[in-house]
K.L.:
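Below are the structure tokens for one structure; questions will follow.
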Amino acid sequence: MIEVYNTLTGSKERFVPAEPGRVRVYVCGPTTYNYIHLGNARTFVIFDTVRRYLEYCGFKVVFIQNFTDVDDKIIKRAAEENTTPHALAQKYTRAYYEDADGLNVLRADVYPRVSEHIAEIIGLIETLVAGGFAYAAGGDVYFSVRRYPDYGKLSGRSPDEMLSGARVEPGENKRDPLDFALWKAAKPGEPKWPSPWGEGRPGWHIECSAMALKYLGADFDFHGGGADLIFPHHENEIAQSEAATGKTFARYWLHNGFITVRQEKMSKSIGNVFLVREVLERYPASAVRLFLLGTHYRSPLDYAPEYLEAAVRGAERLSNCFGLLTEAIAKAASGGEGGDIFTDSLSSLEADFRAAMDDDFNSARALACYFDLVREVNTAVHAVSPPPKKVLEQAMELFSAFNRVLGIFPEKEGKPLIMKAAGGDDFTGRLLELIIAVRQEARIRKDWAVADQIREGLKEIGIVLEDTVEGVRWKKV
RNA sequence: GGCGGCAUAGCCAAGUGGUUAAGGCGACGGUCUGCAAAACCGUUAUGCGGCAGUUCGAAUCUGCCUGCCGCCUCCA
């Protein structure tokens, strides 16, 4: 049984999908005006992990994540970069895919873009106008907050409390300071589309409503995003969508905490951002994911390079275990008896892992189970009489399953894809075998100076040698 | 000002009423090794920001205090 913390109710609730066996998820994607930073990445990795776990549990997941490619920030940035908003959005959309792929984030089923859903947006606004929830004024269209009684139910505040912060910007035609724009009249040089209210473009919040309703329908299961979207973005989405459809918009609202840098929020306006591509140049994706999933998604996560260094070592521990297990399976004779105790601990680890993820996607706890598995496996493969092949393969299945959920390492054919010793059929591999053979001869002669020189030399070019009683093991780092 | 969150070992971080407070990184000692590496074993929080209180029993609940942060305006 999965329990999730729902921002809407402020409590953990049992998760029951609207349709049995099928889960519909919408996550607010990037506004494509810049490369994504680690804070953005946290959201995408978190919801990727949620999706992976739901699939692990046997649900068919429909996962939608939008690109906001029509927006004030894009227009502004395009002007600065001396390009068009469209070209700018294209550039950063491509960059998003590179970064997200680099983080081993699975692809969404659909990535709807605002610029391709203008008709749906206009349709939704027309419904709101017809229903008396919105009004046109001077080429703009505004949502009338006071007409929607439930306004504030997500962020937990009443319209009267919000009045103090609300303002009418110069040039706006709001009747009430709380109202927000659904449609903005075009200004010279800005992207624009024809509409019943004249040429213009959508406001910020309406696109997510229009696209979520188009691809998922009303009453879908999960809507996610960063905690800073609770207000006003998600509050407004609920108001628009529920006013227009008369139905529940999303059933469970999930919000992840921020990444901070020296306890301060990482944000573009503060200027303390670390871009995903910069981080991935220095650290493997496995370490970045380990870092991001090592803290519960709703807690703040402080970033510092040394935390990533620690995660690099943790990821190495995982990959070393994978290598040892692969080796042990290859060496084990088929058949054989025993290993019952090991099998028992495997099933108890799986149960613990599921319990952790069932508890509001507690990836930190799940990770502890992953490391417990590593210790069990390492001990077992080094035992005087290791478990039989069949049992080792069960351990590998569990290792792969944990990896599949957490996405630490990329997968190939259901197994983690971890760089390890090549077979010796490629040139580098054969060369390495030769060097290792020469070193072994030196070792037999007890010529430790030569042996150590070779080992150190290889280490400098990224090849680590490990002498074991059964021969030499090498791996790339 | 309004609303919300956080404070657990050297560092990161689970744990939200009940056996010896997960896990990772680091450090130290040991086993193995020619030496390493990897791996394993052991040690590293009689205590969970402080003070009261509730309870047979609290890191976990209540109150107060202290410190930090976020949202209320673009932001994942």
Side-chain angles (χ1 to χ4, degrees), chain A residues 7 10 12 27-31 33-34 36-47 71-73 76 152 155-158 160-167 169 204 224-233 235 255-260 263-270 273 290-291 293-302 304 306-318 320-321 323-324 352 356 359 362-372 374-375 377-383 443 446-449 451-452 455-456 459 464-469 472-475:
Chain A
T7 306
K12 269 190 210 172
V27 175
C28 284
T31 299
Y33 73 110
N34 202 346
I36 59 168
H37 59 65
L38 217 49
N40 302 305
R42 186 179 193 196
T43 298
F44 303 133
V45 167
I46 292 296
F47 288 103
D71 176 88
D72 290 348
K73 294 187 291 292
K76 183 162 170 267
S155 54
R157 42 194 136 210
S158 68
D160 292 324
E161 285 170 348
M162 285 182 277
L163 252 184
S164 58
R167 284 213 314 253
E169 298 293 333
W204 174 33
D228 51 357
L229 294 183
I230 294 171
F231 188 89
H233 187 55
E235 192 71 70
H255 295 96
N256 60 282
F258 304 112
I259 288 192
T260 56
Q263 318 301 332
E264 208 176 30
K265 181 180 169 183
M266 179 183 290
S267 101
K268 286 160 188 168
S269 48
I270 296 174
V273 302
L290 209 52
F291 167 68
L293 296 175
T295 298
H296 185 86
Y297 75 89
R298 284 191 283 115
S299 301
L301 208 204
D302 198 47
E306 59 264 35
Y307 303 154
L308 235 29
E309 298 287 354
V312 170
R313 304 302 310 278
E316 275 169 14
R317 182 165 164 80
L318 296 176
N320 284 337
C321 175
L324 288 170
D352 290 348
D359 182 13
N362 193 329
S363 59
R365 236 170 90 194
L367 228 26
C369 297
Y370 202 176
F371 281 103
D372 284 339
V374 166
R375 171 158 290 119
V377 167
N378 285 338
T379 302
V381 300
H382 284 118
R443 292 185 70 217
K446 298 199 189 301
D447 187 349
W448 308 126
D452 291 350
R455 190 170 63 196
E456 282 309 304
K459 190 178 176 184
V464 170
L465 298 190
E466 296 174 4
D467 299 320
T468 74
V469 285
V472 182
R473 173 188 304 137
W474 67 270
K475 61 187 180 187

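Heavy-atom basis, side chains included; hydrogens, waters and symmetry copies ignored. Given the structure is predicted, the values throughout are model-derived calculations rather than measurements. Protein chains get the first letters and strands the later ones, always in sequence-line order, with residue 1 at the start of each.
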K.L.:
Which whole number of Å gives the distance between the C1' atom of rG17(B) and that of rU62(B)?
P.N.:
13 Å
K.L.:
Does a side-chain N or O of Asn320(A) approach OP1 or OP2 of rA39(B) to a distance below 4.0 Å, or not?
P.N.:
yes
K.L.:
Tyr307(A) near the nucleic acid: base, sugar-phosphate alone, or nothing, with a heavy-atom cut-off under 4.0 Å?
P.N.:
sugar-phosphate
K.L.:
Of all the nucleotides listed (rG15(B), rC35(B), rC71(B)), which has the minimum atom distance to the side chain of Asp359(A)?
P.N.:
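Of the options given, the side chain of Asp359(A) lies nearest rG15(B).
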K.L.:
Figure out the CD/P separation between Glu235(A) and rC74(B), and round it to whole Å.
P.N.:
14 Å
K.L.:
Is there aromatic stacking of Trp448(A) against rG34(B), centre distance under 5.5 Å, plane angle under 30°?
P.N.:
yes
K.L.:
I want to verify a distance call: between rA76(B), rA39(B), rG70(B), whose nearest atom is closest to the Thr31(A) side chain?
P.N.:
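Output: rA76(B).
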K.L.:
Please confirm whether any donor atom in the side chain of Arg473(A) sits under 3.5 Å from an acceptor in the base of rA37(B), or the reverse.
P.N.:
no
K.L.:
Checking all strands, does Leu465(A) fall into the base, sugar-phosphate, or nothing category for heavy-atom contacts under 4.0 angstrom?
P.N.:
base
K.L.:
For the side chain of Arg365(A), starting at C-beta, report the closest nucleotide among rA14(B), rA37(B), rA39(B).
P.N.:
rA14(B)
K.L.:
Taking Glu456(A) first and then Lys459(A), would you say they form a salt bridge - that is, a charged N and a carboxylate O separated by under 4.0 Å?
P.N.:
no
K.L.:
With a 3.5 Å distance limit and no angle check, can you tell me whether Arg42(A) reaches the backbone of Phe258(A) through a side-chain donor-acceptor pair?
P.N.:
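The answer is yes, because a donor-acceptor pair under 3.5 Å joins these two groups.
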K.L.:
Taking 4.0 Å as the cut-off, does a side-chain nitrogen or oxygen of Arg298(A) come that near to OP1 or OP2 on rC6(B)?
P.N.:
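For rC6(B), OP1/OP2 do not have a side-chain N/O of Arg298(A) under 4.0 Å.
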K.L.:
When we call it a touch if two heavy atoms are under 4.0 Å apart, what does Asn40(A) touch: a base, just sugar-phosphate, or nothing?
P.N.:
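Base contact - Asn40(A) has a heavy atom under 4.0 Å of at least one base atom.
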K.L.:
Could you check whether His255(A) gets within reach of a base, just the sugar-phosphate, or nothing at all, counting any heavy atom under 4.0 Å?
P.N.:
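Touches nothing.
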K.L.:
Any donor-acceptor pair under 3.5 Å linking the side-chain atoms of Asn34(A) with those of Lys73(A)?
P.N.:
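The criterion, which ignores hydrogens and geometry beyond distance, is not satisfied for Asn34(A) and Lys73(A).
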K.L.:
Under 4.0 Å, heavy atoms only, any strand: does Gly257(A) hit a base, just the sugar-phosphate, or nothing?
P.N.:
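Base, at least one base atom sits under 4.0 Å.
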K.L.:
Remember a base hit wins even if backbone is also touched, and classify Arg313(A) as base, sugar-phosphate or nothing at under 4.0 Å, heavy atoms.
P.N.:
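Arg313(A): backbone/sugar contact only, no base atoms under 4.0 Å.
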K.L.:
Separation of Ile230(A) atom CD1 from rA76(B) atom C1', in whole Å?
P.N.:
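That distance rounds to 11 Å.
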K.L.:
Looking at Asp359(A) and His296(A), what are the two nearest heavy atoms and their distance?
P.N.:
O-CE1, 4.4 Å
K.L.:
Answer with yes or no whether Asp72(A) presents, from its side chain, a donor or acceptor under 3.5 Å of a partner atom in the base of rC74(B).
P.N.:
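It does not, because no donor-acceptor pair links the side chain of Asp72(A) to the base of rC74(B) below 3.5 Å.
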K.L.:
Remember a base hit wins even if backbone is also touched, and classify Ile36(A) as base, sugar-phosphate or nothing at under 4.0 Å, heavy atoms.
P.N.:
nothing
K.L.:
Where is the tightest heavy-atom contact between Ala451(A) and Arg443(A), given as atom of each residue plus distance?
P.N.:
CB-CG, 3.6 Å
K.L.:
Just compare rC74(B), rG23(B), rC35(B) and give me whichever is closest to any side-chain atom of Lys73(A).
P.N.:
rC74(B)
K.L.:
Would you mind classifying the nucleic acid contact of Gly294(A) as base, sugar-phosphate or nothing, using non-hydrogen atoms under 4.0 angstrom?
P.N.:
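If one applies the 4.0 Å heavy-atom cut-off, Gly294(A) turns out to touch the sugar-phosphate alone, with no base involved.
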K.L.:
Considering every strand shown, what is the Watson-Crick or G-U wobble mate of rG1(B) when both distances are under 3.5 Å?
P.N.:
rC72(B)
K.L.:
How is Ala368(A) classified with respect to the nucleic acid when contacts are heavy atoms under 4.0 Å: base, sugar-phosphate, or nothing?
P.N.:
base
K.L.:
Does any nucleotide pair with rA27(B) by Watson-Crick or G-U wobble geometry, both distances under 3.5 Å, and what is it?
P.N.:
rU43(B)
K.L.:
Which value, in whole Å, describes the distance between the P atoms of nucleotides rA9(B) and rA14(B)?
P.N.:
13 Å
K.L.:
Phosphate oxygens OP1/OP2 of rG24(B): is one of them under 4.0 Å from a side-chain N or O of Arg375(A)?
P.N.:
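So the side-chain polar atoms of Arg375(A) do come within 4.0 Å of the phosphate oxygens OP1 or OP2 of rG24(B), strictly under.
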K.L.:
Indicate yes or no for a side-chain donor-acceptor contact from Thr260(A) to the backbone of Lys265(A) under 3.5 Å, with no hydrogens or angles considered.
P.N.:
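It does not hold such a pair.
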K.L.:
Mapping Leu301(A) and Gly225(A) to their closest nucleotides on RNA chain B, which lands nearer the 5' end?
P.N.:
Leu301(A)
K.L.:
For nucleotides rA21(B) and rG42(B), find the distance between their P atoms and express it as a whole number of Å.
P.N.:
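Per the computed distance, 16 Å lies between those P atoms.
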K.L.:
From rA14(B), rC72(B), rA38(B), pick the nucleotide closest to the side chain of Phe231(A)?
P.N.:
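Between rA14(B), rC72(B), rA38(B), the one nearest the side chain of Phe231(A) would be rC72(B).
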K.L.:
Looking at Arg375(A), is its backbone amide N or carbonyl O close enough to the side chain of Thr379(A) to form a donor-acceptor pair, meaning the two atoms are under 3.5 Å apart?
P.N.:
yes
K.L.:
Could you check which nucleotide pairs with rA52(B) in any of the strands shown, counting Watson-Crick or G-U wobble with both distances under 3.5 Å?
P.N.:
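rU62(B) is the nucleotide pairing with rA52(B).
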K.L.:
Measuring from the side chain of Pro232(A) (C-beta onward, heavy atoms only), which nucleotide among rA14(B), rC35(B), rC74(B) has the closest atom?
P.N.:
rC74(B)
K.L.:
Using atom OH of Tyr297(A) as one end and atom P of rG5(B) as the other, report the distance to the nearest whole Å.
P.N.:
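It works out to 14 Å between those atoms.
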K.L.:
Check whether any side-chain nitrogen or oxygen of Lys265(A) sits under 4.0 Å from OP1 or OP2 of rC71(B), and answer yes or no.
P.N.:
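For rC71(B), OP1/OP2 do have a side-chain N/O of Lys265(A) under 4.0 Å.
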K.L.:
Between rA22(B) atom P and Asp372(A) atom CG, what is the distance in whole Å?
P.N.:
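So the two atoms are 11 Å apart, to the nearest Å.
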K.L.:
Of the candidate nucleotides rG34(B), rA76(B), rA37(B), which contains the atom at the shortest distance from the side chain of Asp467(A)?
P.N.:
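Of the candidates, rG34(B) comes closest.
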K.L.:
With C1' as the reference atom in both, quote the distance from rC68(B) to rG49(B) in angstrom, rounded to an integer.
P.N.:
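It comes out at 11 Å once rounded to the nearest Å.
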K.L.:
I need the CG-C1' distance between Asp302(A) and rA76(B), as an integer number of Å.
P.N.:
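Asp302(A) atom CG is separated from rA76(B) atom C1' by 16 Å.
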K.L.:
Provide the distance between the two P atoms, one in rA13(B) and one in rA52(B), to the nearest whole Å.
P.N.:
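Each nucleotide's P atom is 29 Å from the other's.
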K.L.:
Is any side-chain nitrogen or oxygen of Arg455(A) closer than 4.0 Å to OP1 or OP2 of rA36(B)?
P.N.:
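For rA36(B), OP1/OP2 do not have a side-chain N/O of Arg455(A) under 4.0 Å.
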K.L.:
Any strand counts, and the cut-off is 3.5 Å on both contacts for Watson-Crick or G-U wobble. Which nucleotide pairs with rU16(B)?
P.N.:
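With both distances under 3.5 Å required, rU16(B) matches none.
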K.L.:
Between Ile259(A) (CD1) and rC12(B) (P), how many Å, whole number?
P.N.:
15 Å
K.L.:
Is the distance from OP1 or OP2 of rG15(B) to the nearest side-chain N or O of Asn362(A) less than 4.0 Å?
P.N.:
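Yes, such a contact exists.
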K.L.:
Between C1' on rG5(B) and CZ on Phe258(A), what's the gap in Å once rounded to a whole number?
P.N.:
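It works out to 11 Å between those atoms.
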K.L.:
A cation-pi test, strictly: NZ or CZ of Arg317(A) under 6.0 Å from the centre of the six-membered ring of Phe371(A) and no more than 45 degrees from its axis. Yes or no?
P.N.:
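No.
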K.L.:
If the plane angle is over 60° it's perpendicular, under 30° parallel, otherwise tilted; pick one for Phe47(A) and Tyr297(A).
P.N.:
tilted
K.L.:
Which is more 5' along RNA chain B, the nucleotide nearest Cys321(A) or the one nearest Ala310(A)? Just name the residue.
P.N.:
Ala310(A)
K.L.:
Please determine whether a side-chain nitrogen or oxygen atom of Arg317(A) lies at a distance below 4.0 Å from atom OP1 or OP2 of rG24(B).
P.N.:
yes
K.L.:
For rU46(B) and rC51(B), measure between their P atoms and round to the nearest Å.
P.N.:
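Pairwise P distance, rU46(B) against rC51(B), rounds to 15 Å.
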K.L.:
What distance, rounded to whole Å, do you find between the two P atoms, one in rC25(B) and one in rA39(B)?
P.N.:
8 Å
K.L.:
Do any N or O atoms from the side chain of Glu235(A) and from the backbone of Ser155(A) form a donor-acceptor pair under 3.5 angstrom?
P.N.:
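The answer is yes, because a donor-acceptor pair under 3.5 Å joins these two groups.
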K.L.:
Does rC6(B) have a Watson-Crick or wobble mate here (both distances under 3.5 Å), and if so which one?
P.N.:
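WC or wobble partner is rG67(B).
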K.L.:
Could you tell me how far rG15(B) sits from rA59(B) if I compare only their C1' atoms? Round to whole Å.
P.N.:
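The same atom, C1', in both gives a distance of 9 Å.
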K.L.:
Does the rG70(B) base have a donor-acceptor partner in the side chain of Asp228(A) within less than 3.5 Å?
P.N.:
no
K.L.:
Send over the distance from Tyr370(A) OH to rG24(B) P, rounded to a whole Å.
P.N.:
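Spelled out: OH on Tyr370(A) to P on rG24(B) is 14 Å.
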K.L.:
Using both distances under 3.5 Å as the test, list the Watson-Crick or G-U wobble partner of rC35(B), or none.
P.N.:
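Looking at the geometry, rC35(B) pairs with no nucleotide.
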